[in-house]
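Index from 1, following the sequence.
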Amino acid sequence: MSSVLGVSVGAGAVRMAQPHTGNPPGHVTPDAFELQTIPVTEHRAEELTAEAVGVTLATHQIGATAIAYRSEQQARGVRAAMARQQVTNYELVPEIFAALEFAQATGDIRGISSLVVYDLGSTGLSVSVVDTQTREIRHSERTSDISGDYLDSLIREQQIASGRIAHPQDPAGLAALDALCREAKEQLSSNTAVALPSEQGLVLLAQENFESLIMLAIESSARMARDVIVRSDRPVHGVLAIGGCARIPLIGKVLERWMGVPVIVPESPETVIARGAALLARPVRPAPVAHPGPVPNQAPTGGYGDEDLSPAWLSAPPKRRPKRPKVNAQPDDIDDIDGLAPDWLAANPRRREKRELNGAVLTVSALTVVAAIGLGLGYGPQVLERDSHSSEGSPSVSQTGLPRTTTLDPQIAVAPATTTETEQSIAAPPPRRQTTTEPPSPTQGPNTFTVVPGLPPIVVPTIPPEVFPFPPQPPR
């Protein structure tokens, strides 16, 4: 039988919780979970979480996994670490929701509609005002000025100042002393005094001295919680204290005195989030497998085809023209590709010749219209005058094309060439000549016509008079 797994990612430890099999549904007891704590030492907390979850999934029958996260940055780190471990059957849940789930399942916050979640861990304090019915977070703040590590440093400095402990000379000795002070703090949560030996000396501390050391820090945290309530603009009916430092009895007393509402401290408050995540764990549905798309121009069953998802001119298939029976069908009336191709692609030679002839007629008609417009606008005399000068001045110029212009290499120095009258007339519009200073230009022959201004004239061949004899001229 498969089980579920809940995981909390802390800066000092990664905690995992699995509910015991056979628990009655509808009610959860605090001791109905199998708990495991993995201290964070060399690896990052996110990497350690991914490795621990991967090993647990490989060795246990886990059907669903939920990992609680504090911030979006931590959630991104967890996703990246899980992807490197190739673990996909998990979900991420906020820490506030996991804590509320556990407190509601155990009945600790029954009858409380607005709650303050006070989470004091090793690296900081988070205070949130939450609506327990809608699970809406009204306001939330976090600070690193008050933390479990800060309380450990207070014990360390007090022991060094008393002279019983020598100050470590290297970072390794300082880390060992901090771990010893952390252990003393945890023992003082349930004992009246503690004595722990070390290489630097004996750590000796009574609970009264410990509470006097941390009183200012705890009152400061209570003041922060009260300010968060004021900023949320919502009255609260209780405080849920979680995190490892919530075991300290002084915290509950100070919070109740400052808030004036009941303070709930669950059993093993450092594992509340992991146990709540286990209660929220649900199997993750696998991503749907991408099936190959439908055949082009073929709509899938119950869905949309390509014609509905793209423009018609991109996706419409060629439409078959219905074949109409003809009474006297001729070979010329049958297309080679059964009406699928346009007429201009049809392989019928007679139709292609007719269309080529029609295209030629249209081209000649268009040129004639352009020539008539040019004559009407007054370009005809200028062109005729220019052509007559060209034919008289430079007879070597061919009538079938424009004079060629020579393009010189810019790196070679060439003497400037003289420009003839024909080149000047082509390069720039001809100036108007005075009839008094220049002889009149020769008239154009009767069989020469200019169709398009700017192009050479067309010479129509002369028909001999013997073919069509003209009648004699009447006498004068």
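- Residues Arg234 and Ile229 form no side-chain contact, since every pair of their non-hydrogen atoms from C-beta on lies 4.5 Å or further apart.
- Residue Ile273 holds its CD1 atom at 9.5 Å from OG1 of Thr271, rounded to the nearest 0.5 Å.
- Atom CD of Glu91 has more than 12 heavy atoms from other residues, nucleotides or ligands within 6.0 Å.
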List the atom pairs, donor and acceptor, that lie under 3.5 Å between side-chain atoms in residues 94-105 and the rest of the protein, sequence neighbours left out.
unit_1 : atom_1 : unit_2 : atom_2 : d
Glu101 : OE1    : Arg135 : NH1    : 3.3
Glu101 : OE1    : Arg135 : NH2    : 2.5
Gln104 : OE1    : Arg135 : NH2    : 3.0
Gln104 : NE2    : Thr132 : O      : 3.0

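- Between the CG atom in Leu57 and the OG1 atom in Thr65 there is a gap of 4.5 Å [rounded to 0.5 Å].
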Could you list the donor-acceptor pairs under 3.5 angstrom formed between side-chain atoms of residues 116-130 and any protein atom two or more places apart in sequence or on another chain?
unit_1 : atom_1 : unit_2 : atom_2 : d
Tyr118 : OH     : Ser221 : OG     : 2.8
Thr123 : OG1    : Arg142 : NH2    : 3.2
Ser126 : OG     : Arg142 : NH1    : 2.6
Ser128 : OG     : Ser140 : OG     : 2.8

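- Counting heavy atoms from C-beta on, the side chains of Gln74 and Glu72 never come closer than 4.5 Å.
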Chi angles and distances behind the side chain to side chain donor-acceptor pair (under 3.5 Å) call for Glu141, His139:
CA-CA 7 Å; Glu141 292 184 10; His139 191 73; 3.0 Å; yes

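- You'll find the side chain of Ser220 reaches within 4.5 Å of the side chain of Ile146, heavy atoms only.
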Show me the side-chain donor-acceptor pairs of residues 252-267 shorter than 3.5 Å, one per line, residues at least two apart or across chains.
none

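- Note that CG of Leu188 and SG of Cys181 are 10.5 Å apart. Values are rounded to the nearest 0.5 Å.
- Counting only heavy atoms from C-beta outward, the side chains of Ile67 and Met82 approach each other to under 4.5 Å.
- Judged purely by atom type and a 3.5 angstrom limit, Ser268 has no side-chain atom pairing as donor or acceptor with the backbone of Glu270.
- Within 6.0 Å of the NE2 atom in His43, the count of heavy atoms belonging to other residues, nucleotides or ligands does not exceed 12.
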Just do the side-chain contact (heavy atoms from CB on, under 4.5 Å) check on Arg138 and Glu136 with the steps written out, would you?
CA-CA 6 Å; Arg138 298 294 183 179; Glu136 179 184 358; 3.5 Å; yes

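- In this structure, the separation between OG1 on Thr56 and CD on Gln61 is 13.5 Å, given to the nearest 0.5 Å.
- Residues Asp108 and Thr106 bring a donor and an acceptor atom of their side chains to less than 3.5 Å of each other.
- Considering only heavy atoms from C-beta on, Leu196 comes within 4.5 Å of Glu183 through its side chain.
- The shortest distance between side-chain heavy atoms of Leu48 and Ile38 falls below 4.5 Å.
- To the nearest 0.5 Å, atoms CD1 (Ile218) and CG (Leu151) are separated by 5.5 Å.
- Within the structure, every pair that satisfies the salt bridge (charged side-chain N to carboxylate O under 4.0 Å, His left out) test and touches residues 157-179, not counting sequence neighbours, is listed here: Arg156-Asp178.
- Residues in residues 73-90 take part in these salt bridge (charged side-chain N to carboxylate O under 4.0 Å, His left out) pairs, two or more places apart or across chains: Glu47-Arg84.
- Expressed to the nearest 0.5 Å, how far CG of Asn209 lies from CG of Leu205 amounts to 5.5 Å.
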Do any side-chain atoms of residues 7-17 form donor-acceptor pairs under 3.5 angstrom with protein atoms, and if so which ones, sequence neighbours left out?
none

